[in-house]
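Here is the structure we will look at, set down as structure tokens.
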Amino acid sequence: MAKGSSSNNAAAVFGTAVALRLALFQFPALASLLGERVEISTPVTSFKRLSEGVFLFTNGVPPYDGGVVHQAPLLLGLFYPIISSPLLVNLLYILTDLAIGYMLLRITVIKDMDYAKEKKITQYGGKEEEPGMGGLSVATLYLFNPYTLASCIGRSTILYSNTAVVAAIWMGMKGNRSLAMFSVAVATYLSLYPSMLIIPVILMLTRKINDNDLTKKVTIQCTGLFAGSLVALFALSFVLVNSWDFFGSVYGTILTVSDLTPNLGLCWYFFIEMFDQFRPFFLVVFQIHVFIFAVPVSIKLRKYPLFVSFLLCAIMGTFKGYPSIGDASLYLGLLPLSSEIFKYMRYSFLVTNLFMYSTLLAPIFWYLWVYVGSGNANFFYAIGLVYGIGEIILMIDSTFAILRRDFEAHSPPETTGQDAALGWDREVVQK
């Protein structure tokens, strides 16, 4: 009976998500408006630029010659048969969004099963605490997140990179090495930065292995599968467009931030105001800043690969050259997978207000700058800084929460309340 009720609830949630997206797509002006918003579409995720690339490809013109198209060739191939049908394009976006929601649901189910099998329900003051919220709740939070809806209706291509990321995590939790590494390779192929997720996904694949030699063997095998999949994707891309020019247009643009179209990130205004002779140095600093956290975070939190995945996605969404709210929809969708830490978070209200504040004011400041002329670039960049501060506080607060929970989980049962807090503080000071 409970299973039938759960199935009905899932059908209702996913059915409502489909209906809502179909209803919003009935307003072409809304889709067009959202598709042109710099908070949603960046030079590397714009559907308008993708359409231009497909048009050039269809007419036999090399799509990467003009410096307009920055999406991967296989993404052009995906849309080539359907680009002339808005209905099919919209359905593809809807189904992709639903697929992410379904995979988040399945990841939660696998996580709960692991807790049950390994009896990892932790004792807190003599009471049992469940691992976290249910899979349907996690899927619902993702599917009805305003950032998710805006990215879907605005047809940002970040959605496909997000799909590959969530698929990699799902396959990692299932223990499927081949599909997990292939999914990480696809995500890397589409947007480069998800390459660092190979570390938490390997942690997922090896979490039940106690033999160090076997762990090393699996790690080497997974690295080989990742590299082989990535090479195969590059080879298919060459076959499709008969050129290697896409490397510079896709990955060169991501790494050099050559298109300084304004966005919610921290780079564009910085590089506009910078003297050219200093650009290479700070470009390296910015790019290293995205990748440098992957190894230390994965080592420190190796027992929590799902949380590591969330944290690395949040770092990517904060510090990369072309961030959008589609990046936020991904890491905010992954955060509930670690919902057991929510009660330890201290700044949830502040973070929520910073996101709301920046989301509401960013379009207003853009309008004042670009259309009215009563503002300037500082207006829009300032609200982007507020958005970035919200992301950074979220990362710091959630990291504090999981470390605090880990400390309490390994504290003696009688050590609770103020004693546990003092003990945790002493441990942090000693470290």
Side-chain angles (χ1 to χ4, degrees), residues 29-49 68 70 145-158 193 253-254 256-276 278-279 282-283 285-287 289-290 314-332 347-397:
L30 176 62
S32 177
L33 174 65
L34 292 176
E36 294 176 357
R37 293 301 313 166
V38 293
E39 303 91 342
I40 298 172
S41 295
T42 68
V44 296
T45 63
S46 169
F47 181 76
K48 187 175 181 180
R49 292 181 183 237
V68 175
H70 304 300
N145 184 335
Y147 289 166
T148 304
L149 288 168
S151 298
C152 179
I153 305 305
R155 293 181 290 193
S156 170
T157 59
I158 191 66
Y193 294 110
T253 300
I254 292 173
T256 62
V257 198
S258 56
D259 190 323
L260 296 177
T261 302
N263 53 65
L264 286 175
L266 309 176
C267 296
W268 66 273
Y269 188 73
F270 192 81
F271 286 119
I272 284 176
E273 297 296 326
M274 184 183 296
F275 291 112
D276 288 342
F278 299 120
R279 180 182 170 88
F282 283 100
L283 191 62
V285 171
F286 268 82
Q287 295 296 352
H289 204 69
V290 183
I315 290 170
M316 284 186 273
T318 303
F319 296 113
K320 70 180 187 179
Y322 300 104
S324 68
I325 62 173
D327 297 288
S329 72
L330 173 62
Y331 64 73
L332 291 177
Y347 303 116
S348 301
F349 180 76
L350 174 61
V351 170
T352 302
N353 278 277
L354 287 173
F355 275 110
M356 292 179 61
Y357 178 82
S358 56
T359 301
L360 293 174
L361 287 185
I364 297 174
F365 284 0
W366 176 265
Y367 179 78
L368 291 175
W369 171 31
V370 175
Y371 295 100
V372 178
S374 60
N376 54 42
N378 293 328
F379 279 54
F380 187 74
Y381 186 63
I383 205 64
L385 290 177
V386 173
Y387 178 78
I389 290 170
E391 293 178 303
I392 292 170
I393 294 176
L394 173 63
M395 289 186 283
I396 294 172
D397 196 26

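Counting from 1, the numbers follow the sequence of the chain as shown. Just so you know, these numbers come straight off a predicted model, no measurement behind them.
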Checking ring pair (Phe, Tyr, Trp, His ring centres under 6.0 Å) against Phe286, which of Tyr322, Phe319, Phe270 comes through?
Phe270
Backbone N or O of [Y] within a donor-acceptor pair of the [X] side chain at under 3.5 Å?
| X | Y | value |
| --- | --- | --- |
| Asp397 | Leu394 | no |
| Gln287 | Ile254 | yes |
| Thr253 | Ser258 | no |
| Ser32 | Ala29 | no |
| Ser46 | Pro43 | no |

Taking every non-hydrogen atom, the tightest pair across [X] and [Y]:
| X | Y | value |
| --- | --- | --- |
| Val38 | Pro262 | CB-O, 3.4 Å |
| Cys267 | Gly321 | SG-CA, 4.0 Å |
| Ser151 | Gly326 | OG-CA, 3.3 Å |
| Arg49 | Val68 | NH1-O, 3.0 Å |
| Met316 | Lys320 | O-CG, 3.0 Å |
| Tyr387 | Ile325 | OH-CA, 4.0 Å |

In Å and rounded to the nearest 0.5 Å, what is the [atom1] to [atom2] distance from [X] to [Y]?
| X | Y | atom1 | atom2 | answer |
| --- | --- | --- | --- | --- |
| Leu354 | Ile389 | CG | CD1 | 7.0 Å |
| Met274 | Ile272 | CE | CD1 | 11.0 Å |
| Phe282 | His289 | CZ | NE2 | 13.0 Å |
| Asn263 | Tyr381 | CG | OH | 10.0 Å |
| Leu361 | Tyr357 | CG | OH | 5.0 Å |
| Asp327 | Thr318 | CG | OG1 | 8.5 Å |

Verify the neighbour count for atom CZ of Phe271: are there more than 12 heavy atoms of other residues, nucleotides or ligands below 6.0 Å?
yes
Just by distance, with hydrogens left out, do [X] and [Y] show a side-chain donor and acceptor under 3.5 Å apart?
| X | Y | answer |
| --- | --- | --- |
| Thr45 | Thr42 | yes |
| Tyr147 | Thr359 | yes |
| Glu391 | Tyr331 | yes |

Proximity of Phe379 and Trp369 rings by center, below 6.0 Å
no
For the pair Asp259 and Trp268, evaluate side chain to side chain contact (heavy atoms under 4.5 Å, CB included) and give the outcome as yes or no after the intermediate values.
CA-CA 8 Å; Asp259 190 323; Trp268 66 273; over 6 Å; no
Do Arg37 and Pro363 have side chains that approach each other closer than 4.5 Å (heavy atoms only, starting at C-beta)?
yes
